[in-house]
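Letters go in sequence order (proteins before strands), and every chain restarts at 1.
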Protein chains: 2
Amino acid sequence: MKRSQSTPKSEAARKIDIRGVAAKARVSIATVSRTINHVPTVDPVLAARVWSAVAELNYFPNTQARALVSGKSKLLGLIVSEITNPFFPELIQEFEQVAVERGYEIMIGSTNYEKKTIEQCARRMLERKVDGVAVMTFGIEEVLFERFAVDNIPVVFIDAAPSRPLSSVLTVDYRTGIYEGVQHLAVLGHRKIGFITGPLRLRSAEARKAAFLDCLRSTGLKADPAWIIEGDHTLDGGRDAMQKILALPQWPTAIMCSNDMTAIGVQHALFEAKLKVPDDFSLVGFDDIHLAEYTIPPLTTVRMSCKDLALRAVNDLLSHLQDSPAKPEAPSKIITRLIVRQTTGLPKDALADLPGKSTRKKNRE
Amino acid sequence: MKRSQSTPKSEAARKIDIRGVAAKARVSIATVSRTINHVPTVDPVLAARVWSAVAELNYFPNTQARALVSGKSKLLGLIVSEITNPFFPELIQEFEQVAVERGYEIMIGSTNYEKKTIEQCARRMLERKVDGVAVMTFGIEEVLFERFAVDNIPVVFIDAAPSRPLSSVLTVDYRTGIYEGVQHLAVLGHRKIGFITGPLRLRSAEARKAAFLDCLRSTGLKADPAWIIEGDHTLDGGRDAMQKILALPQWPTAIMCSNDMTAIGVQHALFEAKLKVPDDFSLVGFDDIHLAEYTIPPLTTVRMSCKDLALRAVNDLLSHLQDSPAKPEAPSKIITRLIVRQTTGLPKDALADLPGKSTRKKNRE
DNA sequence: GCAACTAGCGTAAACGTTTACCAACACTCG
DNA sequence: CGAGTGTTGGTAAACGTTTACGCTAGTTGC
């Protein structure tokens with residue numbers, strides 16, 4: 001008596017589970033289950049009764065029970081490097097949107113580049129029995145590999161992946177975008193271009209650096225190793241790296257960065273050193289996060305579509321999940337391209353060559 | 001025969017579940033369960049056998065089965081406004097860290113300020129049977145309220161909450177930080193201060209605006225309604241709002257913003273209009289996201305500790321979850337305070353009043 | 001008109017845990 | 001030496017679903 005608060009129904013409306021719905025609709029629980037799963041063989045009359053009972057009781061199925069019996073959790077794991085790097089929230093948003101469209105939930109893990117954390121993430125995803133996981137942390141696989149493989153959980157990686165069944169890899173065409181960037185700087189007259197990498201244990205950081213060196217060479221420029229500094233894809237890392245460059249006896253006239261956050265850090269270091277972008281240094285980022293349009297001045301950068309990335313990742317995962325035969329294995333690359341904004345201009349040494357201009361301070365050669 | 005890949009054991013090592021562990025350790029499944037749950041009454045000898053079997057098989061429990069029988073999912077929901085606003089990733093990171101420390105997983109929902117999305121989020125969290133949810137979207141509750149209440153799921157809100165058992169509210173002391181901001185501007189000589197709000201359906205946006213107006217009044221300044229523009233807490237919104245202000249016949253000399261992203265949008269609008277910060281306009285943000293230190297020039301802003309927010313939210317949730325008696329109900333507010341950087345300076349009209357200087361550059365006595 | 005087939009609902013057995021309850025064993029005390 | 005007691009392990013039920021299987025009834029074909 002004391003428990004029946006809301007409904008004065010005589011049937012104890014204790015828990016709203018499938019049994020409650022069945023009772024109210026005067027059918028068996030099997031019929032309820034079939035109805036809500038849209039199995040076509042259920043009599044429309046009964047179905048209608050079920051649906052109205054569902055609506056009336058405000059019922060929805062218990063995901064865990066469902067997952068337990070069916071073996072499918074309808075959960076997709078998404079492992080990112082660092083949730084505080086705005087590129088990843090943008091990726092997460094896209095990823096979530098397409099996952100939800102297809103009836104999946106997502107579970108996020110942020111590794112912060114730490115091995116221990118990445119292990120924990122993997123573990124948690126295994127425990128929650130994810131149906132698949134996208135490792136968007138651009139490198140690092142190790143432990144992940146073995147256990148997901150034995151459980152037959154598909155995994156999609158970026159740039160490089162252990163080759164095993166149910167795993168696929170999304171390759172990014174870094175070269176095109178970076179080549180456009182180098183060309184753009186070369187056309188402006190830059191000959192001395194530095195590069196701030198990401199953490200080099202990350203494959204994609206390594207890949208971006210390799211693409212840069214390769215593009216330099218094919219543009220006929222040579223790389224000064226002193227101008228290749230390892231950063232860590234963060235604001236602080238970008239700032240620190242630029243400070244290292246500024247401490248050098250010889251400066252490059254342009255800097256390319258392994259990601260946009262690094263570039264923003266660089267801008268800050270230059271601001272503190274009272275140097276101007278693009279007058280003293282030209283600057284090119286990578287990723288084209290939304291913020292890039294809002295830096296001062298707006299950042300010239302290489303766009304990599306995170307929408308594309310997310311879409312491909314989910315598609316790959318789901319294609320492994322559904323019918324194994326139909327694996328189209330679209331091996332096309334994620335494209336990149338240069339977005340020119342206002343952090344690139346003529347090199348300072350070119351200006352110095354112009355007559356009657358004494359370049360206010362900092363003038364070298 | 002064809003299936004026994006890894007272990008040559010005669011017992012079919014099909015699935016690694018609790019039964020497999022029990023078999024290997026030569027105990028019952030109950031003992032395995034007790035061991036891994038650290039029930040103290042199990043014989044150390046058996047426990048040792050169990051642990052080594054666990055290690056050998058690389059076993060871990062199925063979370064869904066566990067949740068199903070125990071009724072506790074060990075999942076905490078976290079609803080945020082917009083994952084692409086860097087404040088929220090920072091919050092998520094803190095929240096996740098403390099949740100994981102206490103043995104909980106988190107499940108994120110990003111509402112994007114849309115009612116439909118927020119409903120879906122709530123629904124998904126209900127379906128996954130979260131043990132509690134933190135609504136950090138600064139307002140909007142409606143549908144959430146009813147269903148979580150009937151399922152006895154604790155909810156923590158920000159700024160305002162429906163009063164019901166198992167719900168608590170985190171209040172933020174907007175006033176102190178904003179007051180410091182207004183005072184700071186007033187001391188510099190600003191008399192005409194504009195404010196760009198967040199979306200006003202959000203309680204906290206409303207609260208920040210109210211705090212601003214209140215602080216103006218108590219500082220003896222008066223508010224020009226034309227200088228109060230509604231933004232939406234995004235970069236684009238900040239830019240648009242500032243453009244509206246620039247279209248006005250009369251300009252304020254300083255702008256306060258309801259969050260940092262808005263302020264960055266404002267900086268961009270001013271950059272486009274070839275106006276300088278802080279020479280032409282002083283600017284104050286709100287939140288103190290990490291990026292605020294990196295804008296050009298670095299943003300003066302009001303810090304609200306998202307670490308604090310996250311910690312309080314999780315604590316409140318867990319205190320409701322554990323023993324109901326021990327509810328300390330710490331009603332203290334989240335504090336805010338001004339962080340002065342470089343977007344605030346003397347007002348332009350003050351400079352104009354000075355003799356013999358045409359306001360071109362930074363000049364201070 | 002009867003047999004056979006089909007459509008569609010219901011019963012019950014899983015899924016992998018936790019935990020209440022019971023049994024067995026050993027130890028202690030009378 | 002026997003009974004009582006305390007300790008610890010095992011058996012089985014429960015959690016809320018899905019789904020294989022069987023059964024009933026209705027329809028059709030001969």
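- B:Asp131 and B:Ser73 form a side-chain donor-acceptor contact under 3.5 Å, judged by distance and modelled atom types alone.
- Atom-to-atom, CG of B:Asp43 to C1' of C:dC25 comes out at 13 Å; the value is rounded to the nearest Å.
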Verdict with supporting geometry, A:Thr137 and A:Ser81, side-chain hydrogen bond (donor to acceptor under 3.5 Å, both in side chains): CA-CA 5 Å; A:Thr137 183; A:Ser81 300; 3.0 Å; yes
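- Residues A:Arg128 and B:Asn62 bring no donor and acceptor atom of their side chains to less than 3.5 Å of each other.
- For B:His38 and C:dT19, the NE2 to C1' distance is 18 Å, given to the nearest whole Å.
- Comparing atom distances between the A:Ser28 side chain and each of C:dG8, C:dT11, D:dG9 picks out C:dT11 as nearest.
- In this entry the distance linking CG of B:Leu46 with P of D:dT7 reads 17 Å, nearest Å.
- Contact between B:Gly103 and B:Lys74 at its shortest, heavy atoms only, is O-CD, 3.7 Å.
- D:dG9 atom P lies 14 Å from atom CZ of B:Arg26, rounded to whole Å.
- Judged purely by distance below 3.5 Å, without hydrogens or angles, the side chains of A:Ser168 and A:Asp316 pair a donor atom with an acceptor atom.
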Criterion salt bridge (charged side-chain N to carboxylate O under 4.0 Å, His left out) on A:Glu127 and A:Arg123, from CA distance to verdict: CA-CA 6 Å; A:Glu127 283 178 353; A:Arg123 165 77 177 240; 2.9 Å; yes
Contact letters for nucleotides 14-20 of chain D, in which S counts primed atoms plus P, OP1 and OP2 and B counts the base, heavy atoms under 4.0 Å: BBBBBBB
